[in-house]
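What's counted below: heavy atoms across the whole structure, side chains too, no hydrogens, waters or symmetry copies.
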Amino acid sequence: MGRAPLHDWALTPGQAIALQRQLATRVEHRDRLDPVSHIAGVDIGFEEQGTITRAAVVVLAWPPEDPSSGPTLVERVVHREPTRWPYIPGLLSFREVPAALEAFARLTIRPQLVMVDGQGIAHPRRLGVASHLGLWLDLPTIGVAKSRLCGRHHEVGPERGDWTPLVDGDESLGVVLRSRAGVKPIYVSPGHRLGIESAREWVVRCLGRTKLPEPTRLADRLASRRGPL
DNA sequence: GCGACAG
DNA sequence: ATCTTGTCGC
């Protein structure tokens with residue numbers, strides 16, 4: 001018997017949960033990343049009443065040449081395919097990762113860091129979409145979610161950059177970060193090959209004037225077909 | 001049994 | 001996530 005496959009998308013929810021428990025043991029919680037020259041952002045959108053899944057990946061040059069205008073977009077890919085799973089809280093990766101992998105396969109640049117729309121280890125079984133994708137890509141990933149899936153936290157300070165720990169019992173899952181004054185905070189958790197501190201630092205470094213860090217913000221717009229990039 | 005619940 | 005109109009504010 002070898003190790004369980006990194007993914008098998010034809011699973012029942014029960015089998016998917018068992019697979020998550022297996023894969024979670026392979027997630028690396030300590031920093032292991034190469035010098036960063038490119039950061040990718042990933043997000044998934046839907047078309048045709050949800051029957052079509054649309055995966056978008058953007059690659060930004062790092063560090064930015066012109067800090068005032070944010071990092072430069074150097075590559076982008078959109079991949080469409082039939083939707084294969086319904087949305088089930090806790091099993092999001094089985095719906096989104098397959099399409100994201102197809103989009104990554106068409107990238108000519110291999111980024112050293114990936115930011116994903118969703119949770120990393122801040123997940124009931126510690127395998128959110130960012131962690132699952134990170135294992136498959138064998139790249140450091142960070143989960144950047146717009147709302148909470150699990151864990152508890154105190155209220156976050158009002159200033160941009162303020163943050164508070166996201167915890168579950170005695171486990172630290174990530175941080176809740178005020179990415180912009182006056183707006184709901186975002187949930188940042190390591191996906192793979194990164195610690196909580198580094199995950200937070202990278203997200204703060206990629207913050208522009210908006211709520212979401214640039215990689216995720218641009219991927220979001222590309223996935224949902226809104227506004228120019 | 002009841003409430004919570006990424007996108 | 002997506003659908004969907006106007007509205008408030010820089």
Side-chain angles (χ1 to χ4, degrees), chain A residues 7 9 13-14 16-17 19-20 23-24 27 41-58 78-103 114-136 141-153 156 160 166-169 171 173-177 179-192 196 199-200 203 208-213 215-227:
Chain A
H7 77 252
W9 312 117
I17 287 173
L19 178 56
Q20 288 183 321
L23 299 182
V27 172
V42 192
D43 190 30
I44 276 67
F46 297 89
E47 304 173 13
E48 309 298 310
Q49 286 93 227
T51 58
I52 299 297
T53 296
R54 179 185 171 93
V57 180
V58 297
V78 172
H79 167 77
R80 298 168 78 257
E81 65 173 40
T83 298
R84 54 186 90 199
W85 263 63
Y87 167 67
I88 302 173
L91 299 179
L92 180 67
S93 63
F94 294 89
R95 176 173 165 87
E96 303 194 339
V97 170
L101 290 174
E102 291 296 327
V114 181
M115 306 218 317
V116 186
D117 189 78
Q119 314 289 349
I121 61 171
H123 175 279
R125 292 166 293 281
R126 311 298 182 250
L127 195 87
V129 60
S131 300
H132 204 158
L133 183 63
L135 280 178
W136 183 248
T141 56
I142 298 172
V144 180
K146 296 180 289 298
S147 63
R148 186 191 70 89
L149 173 60
C150 69
R152 295 166 48 82
H153 65 87
V156 192
R160 182 173 184 278
L166 177 64
V167 303
D168 185 4
E171 284 184 84
L173 305 181
V175 301
V176 186
L177 174 72
S179 52
R180 182 182 178 179
V183 302
K184 206 170 86 163
I186 58 178
Y187 293 74
V188 177
S189 60
H192 183 47
I196 293 173
R200 179 181 56 76
V203 168
R209 312 168 188 173
T210 53
K211 167 176 175 171
L212 297 176
T216 294
R217 184 181 73 83
L218 295 176
D220 200 85
R221 302 187 61 163
L222 186 56
S224 64
R225 309 190 281 178
R226 280 174 295 173

Does the side-chain ring of A:Y87 lie flat on the base of B:dG7, meaning centres under 5.5 Å and planes less than 30 degrees apart? yes
Check whether any side-chain nitrogen or oxygen of A:R95 sits under 4.0 Å from OP1 or OP2 of C:dA1, and answer yes or no. no
Report yes if some heavy atom in the side chain of A:R54 is under 4.5 Å from a heavy atom in the side chain of A:E81; otherwise report no. no
Using atom CD1 of A:I44 as one end and atom C1' of B:dA6 as the other, report the distance to the nearest whole Å. 12 Å
In whole angstrom, give the distance that lies between atom CE of A:M115 and atom P of B:dA6. 20 Å
Would A:D220 and A:R226 count as a side chain to side chain contact (heavy atoms under 4.5 Å, CB included) here? Give the steps. CA-CA 8 Å; A:D220 200 85; A:R226 280 174 295 173; 2.8 Å; yes
Could you state the atom-to-atom distance from CH2 of A:W85 to P of B:dA6 in whole Å? 16 Å
Check for a donor-acceptor pair, side chain of A:Q119 on one end and backbone N or O of A:S147 on the other, with a separation under 3.5 Å. yes
Pick base, sugar-phosphate or nothing for A:G128, based on heavy-atom distances below 4.0 Å to the nucleic acid. base
Closest to the A:P89 side chain, choosing from B:dA6, B:dG7, B:dA4: B:dA6
Would you tell me whether A:T53 and A:T83 have side-chain atoms, one donor and one acceptor, within less than 3.5 Å of each other? yes
Checking all strands, does A:G90 fall into the base, sugar-phosphate, or nothing category for heavy-atom contacts under 4.0 angstrom? base
Report yes if some heavy atom in the side chain of A:H153 is under 4.5 Å from a heavy atom in the side chain of A:Y187; otherwise report no. yes
Quickly work out the A:I88 CD1 to B:dG7 C1' distance and round it to whole Å. 12 Å
Which nucleotide in the set B:dA4, C:dT2, B:dA6 lies at the smallest distance from any side-chain heavy atom of A:S224? C:dT2
Closest approach to the side chain of A:L149, judged atom by atom: which nucleotide of B:dG7, B:dA4, B:dA6 is it? B:dA6
Whole-Å distance between B:dA6 P and A:D168 CG? 15 Å
Just the rounded figure in Å: distance from C1' of B:dG7 to OH of A:Y187. 15 Å
Over all strands shown, is A:I52 touching base, sugar-phosphate only, or nothing at heavy-atom distances under 4.0 angstrom? nothing
Between B:dG7 atom C1' and A:F94 atom CZ, what is the distance in whole Å? 15 Å
Which nucleotide in the list C:dT2, B:dC5, B:dG7 gets nearest to the side chain of A:F46? C:dT2
Return no unless some side-chain N or O of A:K146 is found under 4.0 Å from OP1 or OP2 of B:dA6. no
